[in-house]
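Counting begins at 1 with the first residue of the sequence. Only a predicted model underlies this, so the values are computations on that prediction, with no experimental measurement involved.
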Amino acid sequence: MRTNESLANLLREERRFNPPAELAGTANITAEAYEKARADRLGFWAEQGRRLSWQTEPTQTLDWSNPPFAKWFADGRLNVAYNCVDRHVEAGLGDRVALHFEGEPGDARPVTYAQLKDEVCQAANALTELGITAGDRVAIYLPMIPEAVVAMLACARIGAAHSVVFGGFSADALATRIEDAGAKLVITADGGYRRGKPTALKPAVDEALTRPGTDSVLHQLVVRRTGQETAWQDGRDLWWHEVVGRQPVEHEPEAFEAEHPLFILYTSGTTGKPKGILHTSGGYLTQTSFTHHTVFDLKPESDVYWCTADIGWVTGHSYIVYGPLSNGATQVIYEGTPDTPHQGRFWEIVQKYQVSILYTAPTAIRTFMKWGDDIPAKFDLSSLRILGSVGEPINPEAWVWYQRHIGGGRCPVVDTWWQTETGAIMISPLPGVTTTKPGSAQTPLPGIAATVVDDEAREVPDGAGGYLVLTEPWPSMLRTVWGDDQRFLDTYWSRFPGQYFAGDGAKKDDDGDIWLLGRVDDVMLVSGHNISTAEVESALVSHPKVAEAAVVGATDATTGQAIVTFVILRNNAEDDGDELIGELRDHVARTLGPIAKPKRILTVAELPKTRSGKIMRRLLRDVAEKRELGDVTTLTDSTVMDLIQSTLPSASAED
Ligand code: WT7
């Protein structure tokens, strides 16, 4: 890829942040870990495996005799739920708060490790009573309430694989996932609170279960959250508080093989039906535990951790449930949206619980930027000490805003790159070690082998761009696509034989640090130059008037593709029409070079996003190329597209 010139431009204004001195001395990991892992990668992971409590200690670390089907710690046996709950209670920490639950209406409930153990044991007994046994699949379709965590751990405890389906997904999406996994039970709720209102969930399950292919489901286990009126099918539908509530709080955890399935989590690709990403037990828990401990420098006795993701995404699995709980962390879980009842809700929660580690997404950070600096400034955020970002490339502007306005300039920001498929963080700064560069995920973690290659699978030199690949297996890697080994091979292992292809574009800077450029499908080809959408977006957001930007390549008769951009202005920025548009185009040209000058700039009020906050560029491309819109069912708000289309003719500026 010919991105060197624009990279140099992007780095011109490079800012660097050294780790705070006091952290460098007390951090959970030091720079030596890189050396150690380089000298003996498997020995390093074997050592991390000892973070867990095994019923049978593994003697093997990795079996790679049938690549890419890995077996980690294959002869070890453990119970994942025991590792996340019981062992902390046995260590005398039963009174420690595991979850500070904050409901959207403001109801709050702390759950200690001792209480969590009782609830998980009761739920495990209930699942057993309902005929669920090891190897079965259970679908979980719940709001962000403690029962979601309990349900996942109860499945893990009895060796049933959970398939959590995000509560915002439709009945159809749920039905497809139930059918593919052959789930025997659905755990759901009457509803949850979203944007100040009770929002029903169970009707979507009822509807899903009318679809052909879902008759594997024998029961719905229904948590009463909102108390709203709910249709009921006697015999099939059971209340959680009745069935779980009457169970004993004792349950003997059985140990399973390290490679026993832990969960399936579906990711939607650009085409075809969603892929059921399969994760297993020992390796997954080792890497989520290790990365949560080191990347966030967790001190479980004093930190209050908060990951704002939903448990319906992998971030919620790895960094709300398995990583933090295996480490005995105290954390906040929040049910609702960041602007209910007001735009300071997140900061109010940080202040209330004295949150010290915050893990959120660039899309949220850019939204907070748009709402204005004065909102977080009204709250006491001095408890914060580490800030994390995940989900998309974070543009330097948002990174610096996060560091300054949320972190008060004191907190290291860790930009963590990983995927549903990788199971745990792979590339990230370490807060007590790394001198950070805003916008870069920087370095593969100790024990992780990642690099950037060109079309011919050759590693690119420093200063050049290409495709991100992982060159060695890692403990929390996906084991296959559920029921479809061939798709696993085709999607991830065939583009560059012997290497895992992540689907992301990336480049190395002159120090060899990695900068992510977004999905390779999002790279534009303009007059023979490869330009990434992320770079142009980043350049736009570096302009003081722009809060958010989305960039697409639209077919163009002269240049192959033309750069079309959609921008949201900051709250305090005035839209003076053509003048502003000219200013922004020049700004991009100055930052990245004339080749990257957008052909069209449209100012919009909202951008189309998936429920996990990723911009749906595919739809914007449809708009830019004046086509019928494709599938909009995974949008958070489908009216956004009408809004964008209606602003189209007046807001455009063409050459
Ligand atoms: C894709 C994976 C990882 C949990 C949430 C998303 C993008 C993720 C970063 C980052 C640049 C990132 C990549 C990746 N991504 N984190 N720090 N910098 N890009 O999981 O839905 O499986 O998406 O998200 O494109 O491939 P996911």
Flag if over 12 foreign heavy atoms under 6.0 Å of NZ, Lys36: no
No-hydrogen, no-angle side-chain donor-acceptor test under 3.5 Å, Asp504 and Trp417: yes
Residues Glu257 and Ser281: side-chain donor-acceptor under 3.5 angstrom: no
Donor-acceptor contact below 3.5 Å, side chain Glu335 vs main chain Glu104: yes
Any donor-acceptor N or O pair under 3.5 Å, side chains Tyr359, Gln331: no
Distance-minimising heavy-atom pair for Pro253 and Arg157: CD-NH2, 3.6 Å
N-O pairing of Arg50 and Glu47 below 4.0 Å: no
Salt bridge Arg109-Glu147, side-chain N to carboxylate O under 4.0 Å: yes
Within 6.0 Å of CZ in Arg404, more than 12 heavy atoms from elsewhere: no
Note, Met426 side chain near Gln419 side chain (heavy atom, < 4.5 Å): no
Heavy-atom neighbours of Glu301 CD exceed 12 at 6.0 Å: yes
No-hydrogen, no-angle side-chain donor-acceptor test under 3.5 Å, Asn83 and Arg51: no
Identified ring-ring contact (aromatic ring centres under 6.0 Å, His included) counterpart of Trp474 within the set Trp72, Trp418, Tyr500: Tyr500
Exercise: do Thr280 and Glu259 side chains pair donor with acceptor under 3.5 Å: yes
Ring centroid separation Phe368 to Trp371 under 6.0 Å: yes
side-chain hydrogen bond (donor to acceptor under 3.5 Å, both in side chains) partners of residues 311-320, not counting sequence neighbours, each pair once: Tyr284-Ser318, Thr291-Tyr319
Verdict with reasoning, Asn28 to Thr294, per side chain to side chain donor-acceptor pair (under 3.5 Å): CA-CA 6 Å; Asn28 289 346; Thr294 53; over 6 Å; no
Electrostatic pair Arg38:Glu35 at N-O distance under 4.0 angstrom: yes
Polar side-chain atom of Arg479 near backbone of Met477 as donor-acceptor pair, under 3.5 Å: yes
Trace of the ring pair (Phe, Tyr, Trp, His ring centres under 6.0 Å) decision for His292 with Tyr305: CA-CA 10 Å; His292 184 257; Tyr305 165 85; 4.5 Å; yes
Residues forming a side-chain hydrogen bond (donor to acceptor under 3.5 Å, both in side chains) with Gln48, sequence neighbours excluded: none
Residues Asp303 and Ser356: side-chain donor-acceptor under 3.5 angstrom: yes
Short side-chain donor-acceptor distance under 3.5 Å, Glu102 and Tyr353: yes
Under 3.5 Å donor-acceptor, Trp45 side chain and Gly447 backbone: yes
N-O pairing of Glu548 and Lys609 below 4.0 Å: yes
Geometric class of the Phe263/Tyr322 ring pair [parallel <30°, tilted 30-60°, perpendicular >60°]: parallel
